[in-house]
Structures are given as structure tokens and as C-alpha cells.
Amino acid sequence: MLLLLVTLLASIVLFLYRRRSHRVINWVVFGMTPDLILNAYRVHDFFTDLIKLRHGTFLLKGPWFANMDMLLTSDPANVHHILSKNFPNYPKGPEFRKIFNILGDGIFNSDDELWEIHRKTTMSLLKHPDFNLHLEANIRNKIEKGLLPLLEFVSHDQQETDLQEIFQRFTFDAICLLLLDYDPETLSLHLPYNACEKAFTDAEEALLWRHLLPEKVWKLQHRFTIGKEKKLIEASKAFDEFIYKCLSRKENELTDVERVEKEVGLLKFLITSFQGQTGTSGNSRTVENKIREEIEKQVGDSKWKYLNAKELEGLVYPGGLCEALRLYPPVALEHKAPSDADVLPSGHVVNKHSRIILSFYSMGRMEWIWGKDCLEFKPERWFSARGGVKHEPSYKFTAFHAGPRTCLGKEMGLIQMKMVATAIIYHYHVELVKDQEVCPADSIILQMKYGLKVRLFPLREIKT
């Protein structure tokens, strides 16, 4: 009997393998799960393929016994409806909090009054008159003392380096400085190991698989500490160990009233504020040269290291960051479930607690949204007729989410990206290592599965 079952399953897998590029089969018992399993290694592109079959919205049927049906959509009208027009009917909800329980009751997981408290507190900090100066100083310090010295070191003899890892370390250090008022200095010449920094990748992969597996399966894995759940448990411990140490250190410092009054920091502000509260192609070298020309017009000084926030306002070509975010949004997808039955603009009926997946990754790959050249990397699509960067509605360009939950750190993130990108491009020509496979990882946060191997060529050597 067991041999017969194995043979049957093997036949199904082989059959699907031969036909998966043509159409998806909805099996009586298993639904479309066999196709999903076969394409798990490329889940974001698989979702994109399915969505294209139905012009923006596709019902992915799971096993009949597992309540795993998913409505995949990249239709801007549906996104606008869910994230803006009918926002109250699409809270994060209990299912979302189950999957993302590692985030606790923070702003990303909370609804209603608690979410309002988080948002108002964060907005008041971002509007603090000294916040932008504090942010820019932190980024400048990390570029000058961390990023540029490391790039100078790895550019010797054009040794191969993983640029994605460098960016991840930069981001981790910068966030810790801003949020925890502590610099772990992972972006240094010897690239020290930090368990918390590495834990993010493991957690992001496990969270994606919680979307693809029945709840009983991943909960069983969690209970017995196996599979991706084992890595998630280990990641949670690493987060707690690192963050609580920073919090304890900061709470001790807060007893010094005079020091607190002189200090402007996100962690100090949050601690005091929450007390007592409840509740793919194109000509990349041409693009690189044009960006560098703009920078040179701004500074005209060979000793320059970085542009500040004010100087960045005059640049147009770094609008190419928007093009990169269009094709590779940091958050590849989001899980939504209505509180009450609803009808989406696409005509699809969703019942209470239906599982809806908003595929932001797929949106940038839809010809009917961005045109036949949607797969091309074209910064020019962001140039406005009057000069400057063209505006696109947030339900079409979803890199920073949309509606009431639009990312509060959007401007902060753009400033950081522009400062880092212009600093690298002005000093180096970045060349991809040949024959490497560049593809998205199976993760809730979009990143490259095998890193991004490059060689750096100092421009001072090229020019001479």
C-alpha cells in the first residue's frame, strides 16, 4: 500500500513537472498544492506567473481539508480598496498576528487603539525639529567610519565581495544607532558575526513558509523545534538577547535627567512617550555615469565623500531608486483578511477571514500596469515633464505600502538610500561577478538568495 502511494505521488510530481509551464492543475483533494510545492524555490515568480494568467487576481486552491485557499492579487484597484477605501474592514487581525507573533504588539502587528498610539507616537518623533539632523548625522558617521573604509579595503586587487551583506550590515548598524542608541559595528573591516543581525534572514524565510503551510503543520514544527520553525525560534532568542540588553542599558541611562534632556534619540523618546500608555536590464553603465555627472555638478570637489539631505533634493537621476523599488519592493507580499464579507473591484467575492495575498513583487511585473517594458530597469520612467521625480499613486507603487498604514519612515529610508548610493557611485565603479545566479530568496522580506557578488574599482584609479 505504501509503495503504491509513493508511486502515485511520484507520478503526479513527474506529470506536473512536465506541464507546470503550461497550466496549473486543481486536483480534487490536493488542490493546487503540488504545483506550489514544485515551485516553492521560486515562490515570488510563481505567484507572478499565476497572477498574469488571470489579469491581476488568481485564486490559488489549497487542499480541501486545510483551509489554505489564497486569493493572490496585484490589481491596483484591489490594493487601493483593501488598503485605503475599505481600510476598516481589513485589519491585521488574529490570523496575521499568529503568523507574525515574533513581532509582538508593535505597530506592524497592532490594530485599533494600540495602532493609533504607536502611529501618533512615531509621527511626533519624526516631526521633532532635531530628528532629521540626528538621522543625517548617524548616516554620515556610518558612511565615513564604516562603509567607505570597508569598500576601500575590499576594492584592493578588485577582490570579490557580497554587496548585499555589506548593505545588510549597514542597515543593521544604522537601525540600532537610531532605534537603540547603540552601534554594534558589524560594518567593520573584519565583518564580525552578530547573531541578531544574521537572525533576520532566518526569521524572514520562516515567516514566508507560514503563509504556504497549513497552520497545524508549522505549529507542529514549532512545537518539536524542527524545519524552518527551529530557525525562527533561534532567531527570536537572538532578538531578545540583543534588544533587551540594549533596553536595560538605556533604561539605566534614563535615570540621569540632565543627560536625557540634552539627548535626542528614538529609543529615549519612545520609552518616555509610551510610559503609562495602554491600548533587468537597460544600459546600467550609462545610468551609472549619469548619476555620477549629477553628483559632480552638485559638489565639484574630488575630496567629497557624501551628499547631505539638502543637496540630495536637487538630484533627479537617483529617482532610479524608485525604479529599483518598483521591481524589488522590500516587502514582497502582505497577508490580509476581511472582518466581513466583501466584493473586490475585480469582482471577486471574499468571505469573512478569507486569505488574501497582496503581491507587491508581482505588481512591478505586470505589463497592463507599467507597460510592455515593465521588466526593464528604466530610471527615466520616473522623470516628470517639469523635472524632478514623477509621482505615482501608492496603490500602484507599493514599496512603502498605501493608505493609513503607509510607511512612516518613507522619507527617512529614501534619504539613507540616496546618501549610501551616491557615496558608492561617486567613488567606485561596481561590476557584477560573471555567471552568478541572481534571484529572489524565499523570504517575506525581499533579498537575493545567493547574495550579490561584485568587484569594486576605485574611480581615482580608472581616471588615472
Side-chain angles (χ1 to χ4, degrees), residues 47 51 56-60 69-101 103-127 207 210-211 274 277-279 322 325-326 329-364 366 369 391-414 444-446:
F47 282 179
I51 290 170
T57 305
F58 184 96
L59 180 59
L60 180 63
D69 290 2
M70 291 183 282
L71 187 68
L72 312 174
T73 185
S74 65
D75 187 333
N78 287 346
V79 171
H80 186 45
H81 178 84
I82 293 170
L83 300 184
S84 298
K85 293 180 71 176
N86 202 13
F87 172 76
N89 193 43
Y90 292 89
K92 294 292 185 178
E95 291 301 315
F96 186 97
R97 286 192 291 275
K98 271 187 209 171
I99 293 175
F100 291 93
N101 59 351
L103 300 179
D105 292 323
I107 190 171
F108 298 107
N109 256 11
S110 57
D111 285 313
D112 305 320
E113 182 181 0
L114 182 58
W115 173 68
E116 291 284 355
I117 291 173
H118 279 302
R119 192 169 182 86
K120 287 178 181 178
T121 304
T122 306
M123 286 182 69
S124 61
L125 170 68
L126 297 178
K127 292 179 180 178
L207 291 174
R210 283 189 172 187
H211 287 77
F274 278 110
Q277 292 197 40
T278 57
C322 293
L325 291 170
R326 178 185 72 83
V331 180
L333 54 83
E334 181 168 358
H335 170 207
K336 284 291 186 180
S339 297
D340 296 304
D342 195 11
V343 180
L344 300 180
S346 60
H348 291 81
V349 177
V350 289
N351 299 318
K352 185 177 181 180
H353 303 316
S354 292
R355 185 186 296 246
I356 304 173
I357 302 296
L358 306 180
S359 179
F360 301 138
Y361 175 85
S362 301
M363 289 185 74
M366 296 292 133
I369 298 177
H391 170 76
E392 291 286 1
S394 58
Y395 53 84
K396 177 182 177 183
F397 175 58
T398 53
F400 297 98
H401 213 268
R405 285 188 179 268
T406 295
C407 178
L408 294 175
K410 175 181 177 180
E411 295 305 319
M412 178 174 67
L414 285 172
I444 200 73
I445 301 297
L446 202 61

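Predicted model, so just to flag it, every value in this text is computed and none were measured.
Classification of K352 and D342 as a salt-bridged pair fails, no side-chain N sitting under 4.0 Å from a carboxylate O. E116 has no carboxylate O lying under 4.0 Å from a charged side-chain N of R119, or vice versa, which leaves the two without a salt bridge. By the 4.0 Å N-to-carboxylate-O rule, R405 lies close enough to D111 to be salt-bridged with it. The pair R97-E95 does not meet the salt-bridge criterion, since no charged nitrogen lies less than 4.0 angstrom from a carboxylate oxygen.
Judged by distance alone, with hydrogens and angles left aside, the side-chain atoms of T73 form no donor-acceptor pair with the main-chain N or O of I356 at under 3.5 Å. Side-chain atoms of N78 do not come within 3.5 Å of backbone N or O of T57 as any donor-acceptor pair. Remark: the backbone N or O of S362 is paired with a side-chain donor or acceptor of S359 at under 3.5 angstrom. Using a distance-only test at 3.5 Å, with no hydrogens or angles considered, a donor-acceptor pair links the side chain of R210 to the main chain of I99. The backbone N or O of S110 lies less than 3.5 Å from no partner atom in the side chain of K92, so there is not a single donor-acceptor pair. Counting only distance, with no hydrogens or angles, the side chain of N109 and the backbone of G104 share a donor-acceptor pair below 3.5 Å. The backbone N or O of N351 lies less than 3.5 Å from a partner atom in the side chain of S354, making a donor-acceptor pair. Side chain of H353 to backbone of D340: no donor-acceptor contact under 3.5 angstrom is found.
Distance OG/S346 to NE2/H81: 9.5 Å, rounded to 0.5 Å. From L408, atom CG reaches atom CD1 of I107 across 5.0 Å, with rounding to the nearest 0.5 Å. Here the CG atom belonging to L344 is positioned 5.0 Å from the CD1 atom belonging to I82, to the nearest 0.5 angstrom. If you take NE2 on H80 and OH on Y395, they are separated by 5.5 Å, rounding to the nearest 0.5 Å. Considering OG of S339 and CG of N89, their distance stands at 5.0 Å, rounded to 0.5 Å. The CZ atom of F397 lies 9.5 Å from the CZ atom of R326; values are rounded to the nearest 0.5 Å.
Closest approach of M70 and I357 over heavy atoms only: SD-CG1, 3.9 Å. Residues I369 and S74 approach most closely at CD1-O, 3.4 Å, considering heavy atoms. Contact detail for P404 and S84: the closest heavy-atom pair is CD-CA, 4.4 Å.
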In sequence, state the C-alpha distance, the side-chain angles, and the governing distance for M363 and V79, and then conclude on side-chain contact (heavy atoms from CB on, under 4.5 Å). CA-CA 10 Å; M363 289 185 74; V79 171; 4.1 Å; yes
I444/L333 under side-chain contact (heavy atoms from CB on, under 4.5 Å): CA gap, chis, key distance, verdict: CA-CA 7 Å; I444 200 73; L333 54 83; 3.2 Å; yes
Given H401 and L83, is the side-chain contact (heavy atoms from CB on, under 4.5 Å) satisfied, shown in steps? CA-CA 8 Å; H401 213 268; L83 300 184; 3.4 Å; yes
side-chain contact (heavy atoms from CB on, under 4.5 Å), that's the test. Do L414 and F400 meet it? Break it down for me. CA-CA 10 Å; L414 285 172; F400 297 98; 3.9 Å; yes
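Annotation: F96, atom CZ; neighbour count of heavy atoms from other residues, nucleotides and ligands within 6.0 Å is above 12.
Ring pair W115/F87 is tilted by interplanar angle, where 30° to 60° counts as tilted.
For F100 and H211, the ring centers sit closer than 6.0 Å to each other.
Between F47 and L60 the shortest side-chain heavy-atom distance falls below 4.5 Å.
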